[in-house]
2 protein chains.
Amino acid sequence: MERVTIRDVAERAGVSNATVSRVFSDAHAVSPVMRDRVISAAEALGYRPNMLARSLIRAKTNLVALAVGETKNAYDSIFVDTLADALAERGKHLLLAKVRGGGPVDEALMGALDYQVDAAVVAAGTMTPEACARCARVGIPVVLCGRVPATLPAEPDLEEAVPPLPFLADSILADNGAGARMAADLLIRGGCRRIAYLGRSHRAFSDSERERGLRDSLAAQGMALQATARIAAGADGAYDAALRLLSAPEPPDGVFCMNDDAAMGVLQAAQALGIAVPDELAVIGFDNIPMAAWPGFRLTTIDYPISRTVETVIARIDARLADPARPPQVTRIPVRLMVRDTTRRGTGRPAVTSHKET
Amino acid sequence: MERVTIRDVAERAGVSNATVSRVFSDAHAVSPVMRDRVISAAEALGYRPNMLARSLIRAKTNLVALAVGETKNAYDSIFVDTLADALAERGKHLLLAKVRGGGPVDEALMGALDYQVDAAVVAAGTMTPEACARCARVGIPVVLCGRVPATLPAEPDLEEAVPPLPFLADSILADNGAGARMAADLLIRGGCRRIAYLGRSHRAFSDSERERGLRDSLAAQGMALQATARIAAGADGAYDAALRLLSAPEPPDGVFCMNDDAAMGVLQAAQALGIAVPDELAVIGFDNIPMAAWPGFRLTTIDYPISRTVETVIARIDARLADPARPPQVTRIPVRLMVRDTTRRGTGRPAVTSHKET
DNA sequence: CGGGTTTCTGAAAACGTTTTCAGACTACTG
DNA sequence: CAGTAGTCTGAAAACGTTTTCAGAAACCCG
């Protein structure tokens, strides 16, 4: 029950605690004989350094905060898993800051910042100016995933997304515009005339970008988006929304979904309604989660590689720690079209993008 | 860049730092006028207490470690999500300790313990006696999920599972025996004669219990397990293992799977091989993940309620914090059979267990 | 108005580390 | 052998809090 501190092992080894500290941190500048004495004393006592005390004085915790909403869906859970692995590999730990209810990320994030995390990854919600200011002042690197700084929740507009204060946050997003264009092209080439978008009722940044991208790409070809459905929160939200969408008087013949989970809901709904995929209805997802490749689905989707995203997150954190003043950087992760069996092959020109399976 | 400390706000408010501290912790025992002065000074400076320093002296971090392996699969990711929510609700944060490669949980867990977490939840790997000893000595509550203390990795034997030291860890597991019995009964009633089990190549505790439960239940009815397949690590492991299992010269006509993810692999493989479910092959999973209820799958499975598990985890932590000497407690979470469409209804007696959908 | 509570406040000692600064050796070097 | 550089070690001051202890001020009641 009683904690064993550096003094205990110093006393047992007959040295000062400074020496013990050096053994556990510096490694050099302590004679072999002393080191052995210290090590064996520490082992006998089962001593391990207190990270709280160490972090306090070193001003470095080896903790990284992750602000995230629900991580139940496939993409987010793999993201968390991959990020945690990448951090573990570098001796860092992940401190989870769950933002609840899709609101501003402040409360959860601030709570994690109080633990003096070395960096924060924000993959949920929107950051209020206060949170930005605090991060900027304390000087901890912030990497936004799937959003850019100072987004307006309602109608994000990339051109006008100027941060309200000089807040240095890097952001990493999928190339949503390109993905939406690939999807639109494939649907059109496949002969779809009534194209719909399926997004979430609580619109996140990427969701909006994908919808806008689809709209713009259709407009460029002289077409309009026929319908939009929004997924309500809850377990069967995607399925229900898809049912509504497909039960309309004039149902769409092609749906682009904000992510693969939503697309799976569409596939389920189509099956329930007896709608043939891809002949009567083409479906395209986003993310390329593992399940999309299952033989039972073979979902056409936009591949958004998680490992690449995580690598970039880590790289941005390191870069900003090395040079806190570097200008904020927006990174678009390139996406690829994965043509599988939920879309018709174009009757006209061949597909623009290769769809080699990895 | 410069941190604002308690002294800064004390100076600005013209009080001692003791007073500032009291405002941010005790709340009482400080006069209203002082409190206002302090609050406004703190706001002006953007002060927030340093949790490292606070935790150091209070010997309480409000951090809970979660030792976990891969969280990519549905059950584990929902578990993490639910646990993090439950902790957030009580003002605690989750520190992720990823154990990599399925080995002993030590390295990852110890790393998290160094941050003086208030409690640890272990949902992966096996704890070595050293890790147990350390937890016992430091006196932090440990709750094991899906395993009991001092399990032998190879062949866990509940009867002999005596902890090597007086290590007080509570454990929470599904009632795997009951679940396996329900599955066996349903398969037999459905007329299956060649029953197989699908588990993981790296056998975890629950995996072994479920296999043994199936074996015992079959034996009780004078039947033997026909085959066992093991899922290798990797994305398509379940699918590949199922393919092997179903391609055998005399393939099984009923499979009980260690979890729903594995069962999904079986369904995919059956579809790929043109095997009719449930007529030629009955499939039962475990966990009842949301996807199992999707109209495209309608997987018969054993419901293992996550929220109940998480509630129990929290309750055990609280109980042990309140009374560190209480005897360790093994809790079996009751499971329910969810009969859906991947099994045949029994031709004989009616089902033993109700299968009302929630 | 005096004694005794009660309420509030500040000085200072913790908490368990790291790290600077000297001091005390040893080991070269000429 | 003296001087100097080099290596190692310990005392003590940090890091940003909380908390004990005691003192000061206010209050109450006879």
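These figures come from a predicted structure and were not determined experimentally. All chains are named by letter (A, B, ...) in the order of the sequence lines, taking the proteins before the strands, and each is independently numbered beginning at 1.
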Report task. Find the distance B:D8:CG to D:dG16:P and express it as a whole number of Å. Result -> 9 Å
Report task. Take atom CD of B:Q329 as the centre, draw a 6.0 Å sphere, and report whether it contains more than 12 heavy atoms from other residues, nucleotides or ligands. Result -> yes
Query raised in the report: Considering heavy-atom distances to DNA chain D, does B:N17 or A:P32 have its closest nucleotide positioned more toward the 5' end?
Result: A:P32
Query raised in the report: Does a side chain donor of either A:T71 or A:D76 reach within less than 3.5 Å of an acceptor in the other side chain?
Result: no
Report summary line: Double-helix bend of the helix from C:dC1-D:dG30 to C:dG30-D:dC1, axes at both ends from 5 pairs, round to 10°, gives 40°
Query raised in the report: For the pair made of CZ in A:F24 and P in C:dT19, what is the distance, rounded to whole Å?
Result: 15 Å
Requested in this report: Within residues 48-57 of chain B, find the residues that approach DNA chain C with a heavy atom at under 4.0 Å, and present them sorted by residue number.
Outcome: B:L56, B:I57
Query raised in the report: In whole angstrom, what separates B:M34's CE from D:dA25's C1'?
Result: 12 Å
Query raised in the report: Between A:R147 (side chain) and A:C145 (backbone), is there a donor-acceptor pair under 3.5 Å?
Result: yes
Report task. Measure the distance from CG on A:L45 to C1' on C:dG16 and round it to the nearest whole Å. Result -> 15 Å
Requested in this report: May I ask you to say what A:T5 touches in the nucleic acid, namely base, sugar-phosphate or nothing, with a heavy-atom cut-off under 4.0 Å?
Outcome: sugar-phosphate
Query raised in the report: Can you check whether B:F24 and B:Y47 have ring centres sitting under 6.0 Å from each other?
Result: yes
Requested in this report: May I ask you to say what A:S21 touches in the nucleic acid, namely base, sugar-phosphate or nothing, with a heavy-atom cut-off under 4.0 Å?
Outcome: base
Requested in this report: In plain terms, say whether A:R100 and B:E89 are close enough for a salt bridge, that is, a side-chain N and a carboxylate O under 4.0 Å apart.
Outcome: yes
Query raised in the report: Does a donor on one side chain and an acceptor on the other come within less than 3.5 Å for B:R316 and B:T331?
Result: yes
Query raised in the report: Less than 4.0 Å between a side-chain N and a carboxylate O, is that true for A:D8 and A:R3?
Result: no
Query raised in the report: Does B:R22 make a side-chain N or O approach to OP1 or OP2 of C:dC8 shorter than 4.0 Å?
Result: no
Requested in this report: Take atom NZ of B:K60 and atom P of D:dT17, then tell me their distance rounded to the nearest Å.
Outcome: 18 Å
Query - Presence of A:T19 side-chain N/O under 4.0 Å of D:dG10 phosphate oxygens OP1/OP2 - result: yes
Requested in this report: Round to the nearest Å and state the distance from B:Y47 atom OH to D:dT18 atom C1'.
Outcome: 10 Å
Query - Interatomic distance where CZ belongs to B:R58 and P belongs to D:dG16 [whole Å] - result: 18 Å
Requested in this report: Go through the steps to decide whether B:R326 and B:D170 satisfy the test salt bridge (Lys or Arg N to Asp or Glu O under 4.0 Å), and finish with yes or no.
Outcome: CA-CA 10 Å; B:R326 71 195 289 273; B:D170 299 295; 3.6 Å; yes
Query raised in the report: Quick one: do A:D318 and A:R90 make a salt bridge, cutoff under 4.0 Å?
Result: yes
**Report entry** Interatomic distance where CZ belongs to B:R7 and P belongs to C:dG10 [whole Å]
**Finding:** 13 Å
Query raised in the report: Would you say C:dT9 has OP1 or OP2 under 4.0 Å from some side-chain N or O of B:S31?
Result: yes
